[in-house]
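Values in this document were obtained by computation on a predicted structure and should not be read as measured data.
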Amino acid sequence: MRIASLCRLIPLLLYSAKLSSAYFIHESCTEEVYGGKVVKAIQTAIQWAADADTQWDDNDDVDIKNLKKWVFGKDPNKLATARSFFTNIRALTQTNVETDDLWFLCTSEYQFVATDDSPDNPSGVITINTLMGGPFAPGDGNKLCDKNQDNPAMAYTGVSRFRRSSYILFCDWYLDLLKGDDIMSTEVLLEKLDGDGDKGALTAQRNPNDFPSPMDYFAMFETTALHELTHTHKAGGSADVDGVDSYGWANVRRLAATNGYMNADSLAFFGLGVRLINEGYQLK
């Protein structure tokens with residue numbers, strides 16, 4: 001959920017397990033242990049963005065109009081900027097875009113940290129990704145994923161300084177959650193809520209009372225993927241505009257009055273909100 005800059009990014013087709021239009025999904029994300037969950041979440045996040053873009057001008061849908069106001073405010077310029085993220089992500093489904101713009105990774109084994117005395121890097125360290133063929137600066141990318149630190153990232157995005165290229169890395173501890181039986185997908189949750197599954201077991205796994213709002217209850221792997229997608233060069237380069245206070249529905253509502261239109265979680269929650277509206281939920 002945080003952005004780490006990178007100096008250069010050299011895509012190597014050899015290491016890509018999957019080519020999907022304008023993005024690569026590395027083979028580490030397609031391992032059998034994930035059961036296709038990572039790939040599906042990435043594709044779903046892109047579809048959420050496409051739906052948000054398609055339905056943006058649906059002025060007859062009061063729920064969509066309210067959602068835009070709650071998340072981004074009323075300023076026309078800010079609303080136009082917010083929409084551009086979804087338009088840009090939707091373009092990932094096109095085949096005429098350079099295929100080295102965006103990579104998805106599910107392993108940090110190709111990364112190591114080295115010292116860096118560049119005057120523009122106050123951290124003094126730089127992350128080197130040998131798979132991608134270059135340094136990613138500044139800071140320690142692996143440290144962002146350290147579950148033992150305060151506010152560990154679930155994923156983070158590396159953005160090239162010199163090219164319009166980015167990578168998204170899902171953290172090991174977050175990916176481990178996909179290996180169990182707990183519900184980690186909004187789409188799976190919606191299916192179970194709508195079907196005849198064991199809702200008692202579902203409640204035990206993901207109790208709505210454990211979350212600050214219904215929107216947070218539904219925010220899972222797809223929302224994380226969409227959050228990270230908005231950080232990329234291809235999408236427009238969103239930010240976590242208020243640091244650790246940028247995340248969650250309450251902060252999304254709070255930031256609507258200022259710079260929510262550039263906040264990654266605001267954009268991700270809008271995509272989630274559109275999905276819930278399309279499923280028949282009424283947001284309040």
Is the ring pair [X]/[Y] parallel, tilted or perpendicular, if the boundaries are 30 and 60 degrees?
X: W103; Y: F24; result: tilted
X: F211; Y: Y217; result: perpendicular
X: F218; Y: Y281; result: perpendicular

Check for a donor-acceptor pair, side chain of [X] on one end and backbone N or O of [Y] on the other, with a separation under 3.5 Å.
X: Q149; Y: K143; answer: yes
X: D265; Y: G248; answer: yes
X: K234; Y: S166; answer: no

Exercise. Looking just at side-chain N and O atoms, do T54 and D51 make a donor-acceptor pair shorter than 3.5 Å?
Worked result: no
Exercise. Any luck finding a side-chain donor-acceptor pair between Y261 and S238 under 3.5 Å?
Worked result: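 No, S238 and Y261 have no side-chain donor paired with an acceptor closer than 3.5 Å.
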Exercise. Can you name the one residue among Q47, R275, K192 that meets side chain to side chain donor-acceptor pair (under 3.5 Å) with E187?
Worked result: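 Of all the options given, the one that passes is R275.
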Restricting to non-hydrogen atoms, name the atom on [X] and the atom on [Y] that form the minimum distance, rounded to 0.1 Å.
X: D58; Y: K65; result: O-CG, 4.4 Å
X: C145; Y: W173; result: O-CD1, 3.2 Å
X: D53; Y: T87; result: OD1-OG1, 2.6 Å
X: T258; Y: K78; result: O-NZ, 2.7 Å
X: F270; Y: A52; result: CE2-CB, 3.8 Å

For this session: Consider only side-chain heavy atoms of I, L, V, M, F, W and Y, link residues closer than 4.5 Å, and tell whether V62 and L283 are in one cluster.
Result: no
So, taking the atom named [atom1] in [X] and the one named [atom2] in [Y], what distance separates them when rounded to the nearest 0.5 Å?
X: K179; Y: K37; atom1: NZ; atom2: NZ; answer: 11.0 Å
X: Q55; Y: D63; atom1: CD; atom2: CG; answer: 11.0 Å
X: F86; Y: L226; atom1: CZ; atom2: CG; answer: 6.5 Å

Side-chain contact test, heavy atoms from C-beta onward, threshold under 4.5 Å: evaluate it for [X] versus [Y] and give yes or no.
X: Y167; Y: L169; result: yes
X: D240; Y: H231; result: yes
X: I277; Y: D61; result: yes

Exercise. Does R254 pair with D245 as a salt bridge, N-O distance under 4.0 Å?
Worked result: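 Not counted as a salt bridge, because no side-chain N and carboxylate O are separated by less than 4.0 Å.
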Exercise. Taking the six-membered ring where the residue is Trp, are the ring centres of Y247 and H227 under 6.0 Å apart?
Worked result: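 Yes, ring centres under 6.0 Å apart.
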Exercise. Between F221 and F170, is the gap from one ring center to the other below 6.0 Å?
Worked result: yes
